[in-house]
Number of protein chains: 2
Amino acid sequence: MPPPRRRARAARELREILDSRLFRALCEPVRVEIATWLTESGPADVNTIASHFPQHQTVISRHLAILHEAGVLRRTKRGRHVYFEMDGPGMTDRMEKILERFRNIVPLCCPSDED
Amino acid sequence: MPPPRRRARAARELREILDSRLFRALCEPVRVEIATWLTESGPADVNTIASHFPQHQTVISRHLAILHEAGVLRRTKRGRHVYFEMDGPGMTDRMEKILERFRNIVPLCCPSDED
DNA sequence: TTGACGTATGCACATGTGTGCATTTATAGT
DNA sequence: ACTATAAATGCACACATGTGCATACGTCAA
C-alpha cells in the first residue's frame, strides 16, 4: 500500500477510535472522581455512591448513566437497587485498541521521531 | 501490601492519569478532526490548517493551542509561521501509561472479570 | 521605518452542559 | 392494594465553552 493511502487509513482509524463517547465521559472531573471512587470502593448502588459526593443523587445518577454508556462502568440491577462498578477489562481493551492505533500512526506522521 | 492499600494506590494513580488535560482536549469533535487531519496531511501552519475547516482562523488557533498544551500536537515556530504536527511518540507514551494503570486495576476492582 | 502577512488575544454572543428541585417510575415489603 | 424506598426524568437556571469579529502582536521584506 502506498504511503498516502496508509496515512489516509491511519487517519480514518484514528477518527473512529477518538470520536467515541469515552473522552466526553472522562473529560468531566466529577465523573473521573466517581470512577476513581468505584475503583477504590468496589461495586456500590446509586445512593451509596451519591452519599460520598456533594452533588445531588439525581446528578450522580446522570453521571453514572453517562459513564455506563461510555463503557467505563458496568451496571447490575438487583431488586430496586442498581449497582455500578468499574469495567476494568473493557477499559483495558479500549486502551489497547487506541494504543495500537497510535503505534501505527507514529511512523507515518512523525518524520523525526526523536525524544 | 494488603488489598485495601493496593486499591487506594490504584485509585490514586488512576485519578492522576485521568485528571489530565488530555481528555478535555480530545472531547471536542473539532479538535479530534484537526488531529486527524494533521495525521493524514503531516505538519502544516495555522492558516493552512484553518483553510480546511469551516471555523475562523482564530478559532482554529485556539484549538491548536489547547491540543498542544495537552501534548497531542508538536509546535514548531519558523519565521512568522507556526507549524503543528501530531506528537505520535508522546501520545503513544501517554496511552501506554494509562493502559498500564488499567491493567493494575483489573484484578482489584473486578471480582468477576469475564467477557 | 513602513507595509504586508501570519498568528494570537479581547470581547460579546450563542450554545452546551452540570446542577438542584420537584416529580415520576419501578420495585420491595406489609 | 397501599406505603416506603431506590432510581430516573422534566424543568429551570447558572456557568462553561465554542464561535466570530475586531484588533493587537510578531516577523519578514522593501
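Residue numbering restarts at 1 for every chain, and letters A, B, ... go by the order of the sequence lines. Computed over heavy atoms, backbone and side chain alike; hydrogens, waters and symmetry mates excluded.
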Can a side chain N or O of [X] be found less than 4.0 Å away from OP1 or OP2 on [N]?
| X | N | result |
| --- | --- | --- |
| H63(A) | dT19(C) | yes |
| R31(B) | dG18(D) | yes |
| S61(A) | dA8(D) | yes |
| K77(B) | dG26(D) | no |
| N47(B) | dT7(C) | yes |
| R78(B) | dG26(D) | no |
| R24(A) | dG16(C) | no |

Value in whole Å for how far the [atom2] atom of [N] lies from [atom1] of [X]:
| X | N | atom1 | atom2 | result |
| --- | --- | --- | --- | --- |
| I66(A) | dT19(C) | CD1 | C1' | 12 Å |
| Y83(B) | dT7(C) | OH | C1' | 13 Å |
| Q55(B) | dT19(D) | CD | P | 4 Å |
| E28(B) | dT15(C) | CD | P | 15 Å |
| E69(A) | dA8(D) | CD | P | 11 Å |
| I49(A) | dA8(D) | CD1 | C1' | 14 Å |
| I60(B) | dT17(D) | CD1 | P | 18 Å |
| F53(A) | dG18(C) | CZ | P | 15 Å |

request  = Please determine, by modelled atom types, if R75(B) and H68(B) share a side-chain donor-acceptor pair under 3.5 angstrom.
outcome  = no
ILVMFWY cluster, F84(B) and W37(B) together (side-chain gap under 4.5 Å) = yes
request  = Answer whether the closest heavy-atom distance between the side chains of E96(B) and D93(B) falls below 4.5 Å.
outcome  = yes
Side-chain touch L22(B)/M95(B), heavy atoms, less than 4.5 angstrom = yes
message = Go nucleotide by nucleotide along DNA chain C from the 5' end; which of T58(B) and P54(A) gets its closest nucleotide reached first?
response = T58(B)
inquiry  = Looking at the base of dG29(C), is there any donor atom on it, or on the side chain of R80(A), that sits under 3.5 Å from an acceptor on the other one?
reply    = no
ask   = What about Q57(A): does its side chain form a donor-acceptor pair under 3.5 Å with the base of dA6(D)?
value = no
query = Got a second to check how far T39(B)'s OG1 is from F102(A)'s CZ, nearest 0.5 Å?
reply = 7.5 Å
key: Touch class at under 4.0 angstrom, heavy-atom based, for V59(A) against every strand present   = base
remark   = Checking dG10(C), dA8(D), dG10(D) against the side chain of R62(B) (C-beta onward), the nearest is dG10(C)
